[in-house]
Amino acid sequence: MNRMARTAAGAAVTVIFAGALGACGANDDSSDGSGDGGDTKTIALLLPETKTTRYEAHDKPLFEAKVAELCDDCEVNYLNADQDPQKQQQQAQSAITDGADVLVFDPVDGDAAAGAVKSAQSADVPVIAYDRFMEGADYYMSFDNQRVGEMQGEALVEATGGKGDILMLNGSPTDPNAAQFKEGAHSSIDGSGLNIVAEYDNPDWSPDNAQKFTSSQLNNIDPSSLAGVYAANDGQAGGVIAALRAAGVQQMPPVTGQDAELAAIQRIAAGQQYMTIYKPIKVEAEKAAEVAVAIVNGEDVGETTDFQGVDSFIFDPIVVTTDNIADTVVADGFYSVDEICTAEYADACAAAGIS
Ligand code: GAL
């Protein structure tokens, strides 16, 4: 090799090496927000929306508390997309640019987020798909979402005696969980004697949309003839119940839900909503924090199961009706009796044995 060639080869090696260092430096430097040469690790938490109460009331604080407990030199960069997939795309991008060491990502739109997963991974930032599945993620954690739908459907069949007309309100078509809830619910409802008069895939899980859809259906159906309503989550159940009430229904037919929102637990205690699905979010949020901290510290994440090719952690959902409020959400400290049994619900609580 002549001198020129050797120099050129050396330069090429140097460039590649600097590139590799640059990629790694980009993470290390900027993840240390303090700029004091310390070793702060940044965990970005991307949540989808705020109308469903779980995200800001449970997921975020539980996740942050567990990270703080497990890791002194970790910080959480919290980003909420307000149900806007483009906004979430930008949030993911800036989290990566700002030096996040791992993304804990609950996508508004599972398909649209696939690009963000690729950008993160090409910047050596692992992605944990949080609650909603994302193709190609490094890890995934959620509840058994198919089972959630089955349990909601089974409860509705049982409460209605499997006879009569129902409305069916599913979740957002961009949310991969919504398809699983819907499939599970259909598997319980379709073989029963229930007749689905109208079915709606609610574009963004919006309670307002749920109310509008139900009101418009009640123009065609006699409200008192409705045997029940499948609502995929509590936000929508609230909208459905408001529409039924506005149409003059006094005695609510069985309405399903999910998320064990405080307002839903109160409605269940008062006999206005039949059931909800309680997903112990603590288990999910704390597992996400443990996995994220293990990743940034280069440690093992523990035993996983396979879900569609991704190393996963899948948890069990729980049905809540008026009979087991005390044994579930209260026993777990998800809500205190005082939170549920406000003055308005005191009689309902007494009747339901919640004290
Ligand atoms: C789902 C989630 C539910 C509920 C819903 C509405 O993906 O699993 O718990 O929050 O979104 O945002």
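Every number for a ligand or one of its atoms is a count from 1 in the order of the listing.
Atoms of ligand 1 lying under 4.0 Å from any heavy atom of Asp175, numbered from 1 in the order shown and given with element: 1 (C), 7 (O), 11 (O). Annotation for ligand 1: atoms under 4.0 Å from non-hydrogen atoms of Arg132 are 1 (C), 5 (C), 6 (C), 7 (O), 11 (O), 12 (O). Annotation for ligand 1: atoms under 4.0 Å from non-hydrogen atoms of Thr52 are 6 (C), 10 (O), 12 (O). The ligand atoms of ligand 1 that sit less than 4.0 angstrom from a heavy atom of Asn177 are 1 (C), 2 (C), 7 (O), 8 (O). Atom numbering of ligand 1 starts at 1 in the shown order; those under 4.0 Å from a heavy atom of Asp259 are 3 (C), 4 (C), 9 (O), 10 (O). Residue contact check: Glu49 has heavy atoms under 4.0 Å from atoms 6 (C), 12 (O) of ligand 1.
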Decide side-chain contact (heavy atoms from CB on, under 4.5 Å) for Thr42 and Asp98; before the verdict, give the C-alpha distance in whole Å, the side-chain angles of both, and the deciding distance to 0.1 Å.
CA-CA 9 Å; Thr42 305; Asp98 291 349; over 6 Å; no
Applying side chain to side chain donor-acceptor pair (under 3.5 Å) to Trp205 and Asn233, what does each step give before you reach the verdict?
CA-CA 8 Å; Trp205 286 101; Asn233 74 339; over 6 Å; no
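Nearest to atom 8 (O) of ligand 1 by heavy atom, out of Asp131, Asn233, Asn202, is Asp131. In the candidate list Lys279, Glu261, Glu284, Lys51, Lys279 is nearest to atom 3 (C) of ligand 1, counting heavy atoms.
There is no side-chain donor-acceptor pair under 3.5 Å between Gln88 and Asp109.
Taking 4.0 Å as the cut-off between side-chain N and carboxylate O, Lys118 and Glu135 do not count as a salt-bridged pair.
Put simply, the residue from Thr322, Thr256, Asp234, Thr321 that forms a side chain to side chain donor-acceptor pair (under 3.5 Å) with Gln273 is Asp234. The one candidate from His58, Glu284, Gln258 that meets the side chain to side chain donor-acceptor pair (under 3.5 Å) condition with Lys279 is Gln258.
At a heavy-atom cutoff of 4.0 Å, ligand 1 is contacted by the side chain of Phe181 but not by its backbone. For Tyr55, every heavy-atom contact with ligand 1 shorter than 4.0 Å involves the side chain, none the backbone.
Both tests pass for Lys60 against the ring of Tyr78: distance under 6.0 Å to the centre and angle within 45° of the axis.
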